[in-house]
Every structure is written in structure tokens, then in C-alpha cells.
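This report refers to the structure that appears directly beneath it.
Computed from a predicted model, the values in this text were never measured in an experiment.
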2 protein chains.
Amino acid sequence: MATEEEQFLQDYAPREYPSVALTVDLVVFAVKASTLHAAFVRRGGHPFKGALALPGGFVGPDEDALTAAWRELQEETGLELGAHRAHVEQLATYSSPGRDPRMRVVSVAHLALLATDGSALPALNPGTDTEAAQWMPVYEVLANETLAFDHRGILTAALDRLAGKIEYTLTAARLLPEEFTLYQLRRVYQAVWNTDKLDAGNFTRKMTGALRDTGRKVLRDKGAPAALFTVRDEYLSPPMMRPV
Amino acid sequence: MATEEEQFLQDYAPREYPSVALTVDLVVFAVKASTLHAAFVRRGGHPFKGALALPGGFVGPDEDALTAAWRELQEETGLELGAHRAHVEQLATYSSPGRDPRMRVVSVAHLALLATDGSALPALNPGTDTEAAQWMPVYEVLANETLAFDHRGILTAALDRLAGKIEYTLTAARLLPEEFTLYQLRRVYQAVWNTDKLDAGNFTRKMTGALRDTGRKVLRDKGAPAALFTVRDEYLSPPMMRPV
DNA sequence: AAAATAGTGTCTCTGAGACATTATGTG
DNA sequence: CACATAATGTCTCAGAGACACTATTTT
């Protein structure tokens with residue numbers, strides 16, 4: 001049996017099959033000043049010269065798409081894994097034959113969330129020789145900028161996914177440090193949903209069930225001190241509702 | 001400007017880049033007798049000889065993954081598009097380097113839903129030369145069968161997606177004819193969730209808001225006649241809740 | 001009439017939103 | 001004390017589930 005299988009693998013003659021170049025595209029989100037930002041690259045060459053594009057790169061022969069996405073994220077931010085907390089998940093795959101006029105490129109888009117305290121964005125690598133990635137406000141980009149390839153569709157898909165997911169999970173906490181106040185969390189929701197209509201009191205009550213109070217408090221410029229929370233482990237990525 | 005771009009496209013020398021074979025895998029669901037079924041192929045050759053596998057095939061050079069999924073679905077069922085109503089959507093992409101021991105194959109998994117009246121499954125093509133696809137009960141397969149490659153993961157991902165999606169959309173109606181009774185719809189929910197605990201009365205009240213009563217009724221063996229409904233257009237794929 | 005099924009009524013509980021109120025800090 | 005913010009209380013409303021009840025068919 002083992003021999004039959006070995007035989008097969010040896011006999012197997014690589015057939016004619018269509019082959020494609022496989023890449024990952026990243027939508028990297030982070031929040032500053034209650035505004036949702038994403039990392040973009042300004043294209044210096046054709047096609048789509050001068051337009052904004054999402055960072056990305058080829059998937060190596062010995063890695064899967066998720067590994068490649070983490071590697072690209074690290075190359076772009078220079079983050080030591082674990083220094084910045086990060087969350088990466090697959091979004092969707094874009095395979096339209098004409099999406100890159102130069103050749104057949106199939107791209108697995110990923111959603112990446114970087115933690116910030118809401119006051120500053122993570123540093124981006126100044127870029128080797130190629131153009132460096134830069135943070136830009138997502139809603140302004142969507143309103144005013146031209147995006148290369150099918151990257152507008154990828155960006156809106158990522159935004160929809162994030163906006164939907166924080167409705168029923170605590171994924172929003174992945175955009176914050178390990179410990180955070182309800183004020184910070186609320187600002188993340190406002191950033192993602194591009195709104196300022198979130199009642200602070202109701203928000204507190206709604207969230208505290210899935211959070212753990214560290215007992216410590218932190219002060220702001222004015223007002224009462226705010227409690228520091230962490231996400232209760234059982235609510236980290238899975239649903240906040242439907243507690244199994 | 002046009003010249004500069006043309007110049008670039010001409011000058012563009014195809015670089016060295018890793019290339020992969022791109023395929024689609026299909027999880028095709030249909031319901032019979034309140035039991036969720038999926039289409040499988042029994043493997044006749046190595047690797048995974050004798051195990052069950054999902055149907056699928058290569059993505060052609062001039063089609064995207066979704067088009068290839070529709071083509072494979074048609075080849076497998078012999079359905080004239082529109083004769084059987086069908087729903088196909090992208091699920092996720094599987095790109096682990098070792099997932100096929102023969103070569104580097106990246107597969108875009110798709111979820112397909114076929115309409116039945118709940119009493120019989122759509123015919124599957126008897127297969128050209130290769131093994132024909134066959135319907136099998138999903139929960140029994142997951143409990144008792146060995147699945148080839150990473151197809152167990154794909155199948156459970158498809159099932160999770162479907163089970164979750166029918167909670168807040170009317171996607172379940174894609175497993176039924178254009179017009180259906182609440183009894184049929186309830187049986188679909190029971191099939192997908194593998195349960196029989198759905199109160200008929202509450203189910204009716206919950207669903208009727210998103211349905212349109214055709215005014216016609218249909219009889220069963222016993223009991224009162226049941227009204228025929230269709231899905232109100234505005235609720236077809238998008239959410240039943242959150243009415244914008 | 002008896003049985004089975006379709007559909008409605010009723011009650012309770014829970015969660016969300018609107019909004020007021022109390023508590024705790026700073027200048 | 002004035003002010004700002006955190007957190008809680010209160011009220012209302014809508015939706016879901018448990019369960020009883022009525023209506024409509026077949027045998």
C-alpha cells in the first residue's frame with residue numbers, strides 16, 4: 001500500500017495546468033484621534049501611476065497566504081511580532097483575469113488590525129528602495145482618492161467586514177492596547193463606523209459584560225477617572241453574544 | 001502619457017515569480033427529508049485513495065474563481081443555469097504548501113446552494129470517465145468518514161458559514177423553490193442546524209415579516225392548508241434585520 | 001368526531017436606546 | 001464651587017421563546 005502510493009507519486013507526471021502568480025494584499029487598519037486610518041502606497045510607476053495602492057507582495061513557495069501576510073506586515077511596519085499586538089485574518093480572494101494588466105495575478109486579501117492607544121499611529125518602515133507605506137484616513141481616501149487595480153473594492157470589503165464584525169464581537173479591542181478604557185473603546189467604534197452618535201452610558205453597560213475590570217483606574221485631563229479593562233478571554237475573537 | 005504606459009507594458013519583462021496551480025473546491029448543499037446533504041466524490045486514486053473529497057477543478061486562464069465554480073457546478077449537476085436555482089459564493093482560500101502532496105495547489109473554496117422541494121435531491125451527472133459525485137448526509141459524513149486533503153476543514157467552514165448566515169439572512173430560502181411554505185423553510189433550518197427544536201408558531205411569526213404571501217395555498221397529507229410565500233426582494237441576500 | 005397541521009394570542013424575559021442622576025476627579 | 005467626565009438608574013419599546021388556543025383540512 002505504501003509502495004503503491006510511493007509508486008504513484010513517482011509516476012506522477014506534472015500535467016499541463018494553468019498557473020498564476022499568487023500575492024497577498026493587506027488592508028492594515030489603525031485608529032488615531034477617533035479616525036480610522038489604513039496604510040497605503042503611492043504608486044510611482046505604471047500601471048495606475050500616482051494612484052494609491054494597498055501594500056502587498058508575492059506568496060513564497062514555502063508559505064501559505066496568511067504567513068505571507070504576516071511577513072509583509074512585518075516588513076512594512078518593522079514591528080517585532082508581539083511588540084505591537086496585531087490581528088491578521090483572511091478577507092477574500094480576487095482573481096479577475098484582467099485585474100493586473102501586466103500578468104495574471106491572483107491576490108488573497110487580508111485584514112490586519114494594529115493596536116494603538118488612539119493618540120499616535122504605529123511607525124511604518126521608511127521603505128527600502130520602493131515607495132514607503134503611509135497612513136491615511138480611510139473615509140477621506142474613499143471619498144477623494146483614486147485607487148489602483150481593484151483595491152477600492154478590497155478596501156470597502158475590509159471596511160464592511162470590520163464594521164460588521166465589531167457589532168457582534170470584541171474585534172474592536174484588537175485596535176487597542178491590552179488594557180483600555182471604555183472611552184478608548186468607544187472612540188474605536190466611532191472611528192470604524194464614522195459616527196459620533198454613541199451614548200456613553202449605554203455603551204458602557206453593553207460592553208462591560210464581556211470585559212474584565214482590572215481594578216485599576218486612569219485619569220484624563222478632566223473628569224472622573226476611568227477604569228481599565230481587558231477583554232475576557234472567552235470573548236476575544238468569537239462572538240460576544242450566543243454564549244454557546 | 002498613453003505612450004509612456006504602452007512603453008512600460010511592452011518593456012515589462014516577466015520576472016521570476018513563484019507560480020501556483022489555482023483550483024476551486026465546491027461545497028454543494030441541498031436538503032432532502034430535513035437532512036442537509038452535500039456532494040462528494042469518492043477518490044479512486046492516490047493520494048487519499050478511498051476517501052471522500054469535494055468536487056472541484058482548475059481555474060481556466062480566462063475566468064475568475066467564481067466563474068470557474070459555476071462552471072464546475074454545472075458540469076457536475078448538468079443543470080441548465082436557471083432551471084435549478086442556485087446560489088454560489090466564495091468561502092475562503094486554502095493555500096497551505098503541503099495540502100496536495102503532488103504539487104502546489106491553491107484552492108478557492110466556494111459555497112453552493114441548490115434549490116429542492118425537500119423531497120428529492122437534484123440529479124448529479126453520472127460523471128464522464130472520472131468518479132461521479134454523490135449526495136451524502138453532511139453530519140453523518142463529518143462523524144464517520146475520512147476526508148481527503150484539507151477538505152474536512154473546508155466542509156466545516158462551509159457549514160459554519162451557512163449555519164451562521166441563516167440566523168440573520170434569508171439565505172435558507174436559496175435551498176428551496178421560488179415559492180415555499182413555512183413548513184418547508186422550517187425544515188431547512190432544522191436540516192442546517194441539525195436540530196428539531198424549532199417552535200412552529202414562533203418561527204412563522206419571525207419569518208413572515210420578510211416574506212410575501214402569494215395568496216395561494218397548498219395541501220399536505222393531513223392538516224390545514226399552508227400558504228405559499230416568496231422572499232421579499234429587499235431581503236433576498238442582505239440582512240433580514242438592520243433595515244438600513 | 002378524531003387527528004393533524006397552520007396560524008394567532010398571550011405572557012414573560014431580555015436587551016437596546018433615550019435620558020436623567022449620581023459619583024469622582026481637576027482647576 | 002464650577003465643570004467635565006465616568007458610571008449607574010429608570011423608563012420604554014421591540015423581539016424572542018414558551019405555551020395555549022383557534023382554524024382548517026383529511027379520514
Side-chain angles (χ1 to χ4, degrees), chain A residues 33-34 117-119 163-164 166-170 172 176 179-190 193 195-230 235 239-244, chain B residues 33-34 117-119 163-164 166-170 172 176 179-190 193 195-230 235 239-244:
Chain A
S34 201
D117 64 1
S119 68
I166 64 175
E167 270 190 285
Y168 58 98
T169 69
L170 273 178
L176 290 175
E179 301 185 346
F180 52 87
T181 65
L182 287 168
Y183 174 80
Q184 291 178 294
L185 186 60
R186 185 158 44 89
R187 298 269 286 184
V188 169
Y189 274 83
Q190 292 174 336
W193 288 342
T195 181
D196 55 1
K197 291 185 185 48
L198 274 184
D199 183 276
N202 292 334
F203 185 83
T204 297
R205 193 182 16 246
K206 183 172 174 179
M207 290 296 162
T208 40
L211 301 179
R212 193 176 59 80
D213 194 330
T214 64
R216 273 166 294 128
K217 288 183 180 289
V218 85
L219 288 181
R220 303 251 323 276
D221 298 10
K222 337 173 188 175
L228 278 174
F229 293 90
T230 59
Y235 292 98
M240 350 195 309
M241 333 298 184
R242 199 189 189 189
V244 186
Chain B
S34 202
D117 63 2
S119 67
I166 64 176
E167 270 190 287
Y168 59 98
T169 68
L170 273 179
L176 290 175
E179 301 185 345
F180 52 87
T181 65
L182 285 168
Y183 174 80
Q184 290 178 297
L185 186 60
R186 186 157 46 88
R187 298 268 287 183
V188 169
Y189 274 83
Q190 291 174 337
W193 288 341
T195 183
D196 54 1
K197 292 185 185 50
L198 273 184
D199 183 275
N202 291 334
F203 185 84
T204 297
R205 194 183 11 250
K206 184 173 173 177
M207 288 296 162
T208 40
L211 301 178
R212 193 174 59 80
D213 194 330
T214 64
R216 271 166 294 129
K217 288 183 179 290
V218 85
L219 288 181
R220 304 252 321 276
D221 298 11
K222 336 172 188 175
L228 278 174
F229 293 90
T230 57
Y235 292 98
M240 351 195 310
M241 333 299 184
R242 200 190 187 187
V244 185

With the side chain of [X] defined as its heavy atoms from C-beta on, choose the nearest nucleotide among [options].
X        : options               : answer
A/Asn202 : D/dG9, C/dA6, C/dA4   : D/dG9
A/Lys222 : D/dA4, C/dT8, D/dT25  : D/dA4
B/Arg205 : C/dT10, D/dA6, D/dT24 : C/dT10
A/Lys206 : C/dT8, D/dT8, C/dA16  : C/dA16

Expressed as a whole number of angstroms, how long is the span from [X]:[atom1] to [N]:[atom2]?
X        : N      : atom1 : atom2 : result
B/Phe203 : D/dC19 : CZ    : C1'   : 18 Å
A/Tyr183 : C/dG25 : OH    : C1'   : 16 Å
A/Met207 : C/dA16 : CE    : C1'   : 12 Å
A/Lys217 : C/dA23 : NZ    : P     : 14 Å
B/Leu185 : C/dA6  : CG    : C1'   : 15 Å
A/Leu219 : D/dA7  : CG    : C1'   : 15 Å
B/Lys197 : D/dC19 : NZ    : P     : 13 Å
A/Asp213 : D/dA6  : CG    : P     : 14 Å

Using a 6.0 Å distance limit plus a 45 degree cone around the ring axis, check whether B/Arg220 lies over the aromatic ring of B/Tyr183.
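Verdict for B/Tyr183: a cation-pi partner in B/Arg220.
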Taking the axis from the first five pairs and the axis from the last five, what angle separates them in the helix from C/dA1-D/dT27 to C/dG27-D/dC1, rounded to 10 degrees?
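If I round to tens, the end axes sit 10° apart.
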Along DNA chain C (nearest heavy atom to each residue), the more 5'-positioned of A/Ala224 and A/Asp199
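Closest to the 5' end, via its nearest nucleotide, is A/Asp199.
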Got a second to check how far [X]'s [atom1] is from [Y]'s [atom2], nearest 0.5 Å?
X        : Y        : atom1 : atom2 : answer
A/Thr181 : A/Leu219 : OG1   : CG    : 11.5 Å
A/Arg186 : A/Asn202 : CZ    : CG    : 11.0 Å
B/Leu185 : B/Phe229 : CG    : CZ    : 10.0 Å
A/Leu182 : A/Thr208 : CG    : OG1   : 7.0 Å

Would you indicate, yes or no, if D/dA4 has its OP1 or OP2 atom less than 4.0 angstrom from a side-chain nitrogen or oxygen of A/Arg220?
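Negative; the distance criterion is not met.
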base_contact_polar (C/dA4 base, B/Asp221 side chain, donor-acceptor, <3.5 Å)
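When only heavy-atom distances are counted, B/Asp221 does not reach the base of C/dA4 through any donor-acceptor pair under 3.5 Å.
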Which sits closer to the 5' end of DNA chain D, A/Arg186 or B/Gly201, going by the nucleotide each is nearest to?
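It is A/Arg186, whose closest nucleotide lies nearer the 5' terminus.
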Say whether, by atom type as modelled, one donor and one acceptor occur between the side chain of A/Gln184 and the main chain of A/Asp117 under 3.5 angstrom.
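At least one qualifying donor-acceptor pair exists.
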Whether the side chain of B/Thr230 engages the backbone of B/Glu179 through a donor-acceptor N/O pair (distance < 3.5 Å, no angle test) should be reported.
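Not at all, since once roles are kept as given, no pair shorter than 3.5 Å links the two residues.
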So A/Ala227, base contact, sugar-phosphate only, or nothing? Heavy-atom distance under 4.0 Å.
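Sugar-phosphate only.
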